[in-house]
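Here is the structure we will look at, set down as structure tokens.
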Protein chains: 2
Amino acid sequence: MPKAPTSADVAREAGVSQSTVSYVMSGKRPISEKTRRRVAEAIDRLTYEPHAGARALAGHRTSTIAVVMPLRQASSAERLMIFVEEFTYAARRRDHDVLLVTADEGAAGLRRVAGRSLCDAIVVMEVGSHDARVETARGLAVPVVFVGIPDDGEGLDCLDFDFEGAGEVIVSELAGLGHRTVDVIGWGEDVHAQGFNYIPRFTAGAERAARRSDVRLRWHRASTGEDVRRAVDNARAASGVPALAVVTAIPETLHALSERRLRPGRDVDVVALTTGFVSEADGLTNVSTRPRDVSRRVMERVFGLIDGDLATRGGADLVPASLTRGGSTRSRPADRPAGPADNHREKEAS
Amino acid sequence: MPKAPTSADVAREAGVSQSTVSYVMSGKRPISEKTRRRVAEAIDRLTYEPHAGARALAGHRTSTIAVVMPLRQASSAERLMIFVEEFTYAARRRDHDVLLVTADEGAAGLRRVAGRSLCDAIVVMEVGSHDARVETARGLAVPVVFVGIPDDGEGLDCLDFDFEGAGEVIVSELAGLGHRTVDVIGWGEDVHAQGFNYIPRFTAGAERAARRSDVRLRWHRASTGEDVRRAVDNARAASGVPALAVVTAIPETLHALSERRLRPGRDVDVVALTTGFVSEADGLTNVSTRPRDVSRRVMERVFGLIDGDLATRGGADLVPASLTRGGSTRSRPADRPAGPADNHREKEAS
DNA sequence: TTGTAGGCGTTATCAC
DNA sequence: GTGATAACGCCTACAA
């Protein structure tokens, strides 16, 4: 195993000084075309790669973004993977890598990766409404971007999907179909227990739309398939055609409906909040939580902060909610716009 | 933003030399209890954290494990997340971190993270039967552990679930129920196209069991819900009670059966290969691919190699397949053992 | 446009 | 049991 070449080796091979090699790599100094070529050739003749630790030590930057994962129950695996993927791709486009940190390290994890100079910035996923990491973040030497909107996030860099808008859009849509009662298949007790900020936000939006449209909401917290079946039966017991807002357990709900021979779009109106690419969700009237858009905006923010773009700093950004009509709701009584829903409608580049 | 304290600051605060601080932290030298305490106090008085880059530079180790993710289509998001989680937890237990690398970097990605001294070891997920990364790995300065069994993996460190055994167990079980034909809902064309080694392995196992039990296998490559429905109809067209081996698209298959009012365990025998914790899979007769066990064994191997345990080096390990009977198959005609299936049955500590 | 040299914060080898 | 001190490989003023 021959020792790895250093920039000094490259310098010798190219007949230049070590610092010239460094400048060729960083581009922080004008270099004549001739020496640039000689150095470049030496570099790949030796298959030289710079030592990341030495770089971090001398250069005060690590080219690494730390990403704090959520606890397992918190989110759909699909949504999570999309985030992780997009973060990693975005980082690579800027010649950075992603270091994973698990949520169970808590605030100490943030202090660790920042204190040890393991990263240039931190992304915290699934922040809670009251989250110890929020206060910790304020004192760190590296910028922190939160995915989610904590209650005490003054001046922090937060970014998330607009769950409040989603609640509004979904309820408004069902109200527009003439429903006076909407049953919500909501997050289970276990998820509530974790205090994620998006639950109250979604709830607030839904309730606001309900008040405005004089609709009654019935919330069902569903963790298991059994919970879902109970909620569906409950919804059916009431009036004629039930209205379902499904924010979790979409496959289970569709299955329960199928068992009862209730076809969405005919015997029941279903609007879903989709978090990933559940194949059964195809064709559903739904609001997507747009994980790719959220992740991209998060990373734009991250690099904005790293680059010192003052314009990027501080405040909460929301990725707007928009509804896509599908076959799981009956056609609308009139052709009139969906009301408040339209305030949130947006077409965005994929 | 006060500058981060260094070990020199700690030394001054504790009234010892800088090297003593280093030895207190590493424990590589006997230290008197008195100075150990003084140093420890100084450390948390200053909230000192060692600089990872400096450590890597001087110590020739990074305390980081690089994990190469699979391409997106390759695996279920749930299975993936379990791997990533387990890798990260296992790494933390040994005071290491996980750096993510995406599959699209290919072999160059391995060279990059190894060449730049970004990690002490690399884990490559979802290796293909013929994978350029296999050859690259042989020349690297850091150990590489592959999840999967490539064809040309002589002397490499490979580890995976025993897909071949799984194929055997599943077909044997259905044969034992008296079936002479088994329909396999198999991986779609898109997955086949990627050349993952586990597909031929599963196929070989299934075919061997089929020959032995004089069973005919009918393979259906299913990517979409439509493919699944077609496969199910096909299976039904044949004999009385169909036998289904479901290795992918489990929810879609169950949905298709439900649509057709075929109840697993009564109108159809279903044995599934489960890759995550699909809620609908509860109670199914199934063989789990045991992602947690696989990940743990992978990390044991990784740290074995890092520690230089020669015993750990080289060769392919398989996590054995075992079948769990559930309600999706009818009770067995006799009480006799499942035959070949039992060769693979194993109880392992969770 | 290029070279020289000091320093980044550890680890580990010598001495004592 | 403890203290100096030379690497480790790169970045970046400062000079030329």
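Order of the sequence lines sets the chain letters (A, B, ...), proteins ahead of strands, with each chain counted from 1.
You'll find that the side chain of B/T20 is closest to D/dT2, out of D/dG1, D/dT2, C/dG3. Nearest to the side-chain atoms of A/R55 among the listed nucleotides D/dC11, C/dA12, D/dA7 stands D/dC11. With D/dC10, C/dT2, D/dG9 as the choices, the nucleotide that has an atom nearest any side-chain atom of B/L57 turns out to be D/dG9.
Between B/M25 atom CE and C/dT10 atom C1' there is a gap of 11 Å when expressed in whole angstrom units. Whole-Å rounding puts the B/H60 NE2 to D/dA6 P distance at 17 Å. Atom CZ of B/R116 and atom C1' of D/dC8 are 18 Å apart (whole Å). Taking atom CG of residue B/D120 and atom P of nucleotide C/dT11, one finds them 14 Å apart after rounding to whole Å. Here C/dG9 presents its C1' atom at 14 Å from CG of A/L118, a figure rounded to the nearest Å. Between A/R61 atom CZ and D/dC10 atom P there is a gap of 13 Å when expressed in whole angstrom units. Rounded to an integer number of Å, the gap from A/Q18 CD to C/dC8 P is 17 Å. At whole-Å resolution of the value, NE2 in A/H51 and C1' in C/dT11 are 12 Å apart.
The phosphate of D/dC8 (OP1 or OP2) has no side-chain N or O of A/T6 nearer than 4.0 angstrom. Side-chain nitrogen and oxygen atoms of A/S7 include at least one within less than 4.0 Å of the OP1 or OP2 phosphate oxygen of D/dC10. Side-chain N/O atoms of A/K28 include none lying less than 4.0 angstrom from OP1 or OP2 on D/dC11.
Salt-bridge annotation for B/E135 and B/R138: present, with a side-chain N of the basic residue lying under 4.0 Å from a carboxylate O of the acidic one. Taking 4.0 Å as the cut-off between side-chain N and carboxylate O, A/R61 and A/D120 do not count as a salt-bridged pair. Salt-bridge formation is detected for the pair A/R36/A/E33: a Lys NZ or Arg NE/NH1/NH2 atom is positioned less than 4.0 Å from an Asp or Glu carboxylate oxygen. Under the 4.0 Å criterion applied to side-chain N and carboxylate O atoms, B/D307 and B/R94 are assigned as salt-bridge partners. Salt bridge annotation for B/R112-B/E105: present, with a cationic side-chain nitrogen under 4.0 angstrom from a carboxylate oxygen.
Residue-level contact check: A/S22 touches the bases, meaning some heavy atom is under 4.0 Å from a base atom. Across all strands shown, A/V16 has heavy atoms under 4.0 Å from sugar-phosphate atoms exclusively, and none from any base. Using a 4.0 Å heavy-atom criterion, one finds that A/S26 contacts no nucleic acid atom at all. Contact annotation for B/S117: no contact, since no heavy-atom pair falls under 4.0 Å across all strands.
DNA chain D is contacted by both B/A54 and B/R36; B/R36 maps to the nucleotide lying nearer its 5′ end (nearest heavy atom per residue).
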Polar atom pairs (N or O), protein with nucleotides 13-15 of chain D, under 3.5 Å:
from   : atom 1 : to    : atom 2 : distance (Å)
D/dA13 : N7     : A/Y23 : OH     : 3.4
D/dC14 : N4     : A/R29 : NH2    : 3.2

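Ring-plane geometry between B/Y198 and B/F196 is classed as parallel, the angle between the planes falling under 30 degrees on a 0 to 90 degree scale with a further cut at 60.
No side-chain donor from either of B/D97 and B/T64 sits under 3.5 Å from a side-chain acceptor of the other. B/T289 and B/R79 share a side-chain donor-acceptor pair at under 3.5 Å.
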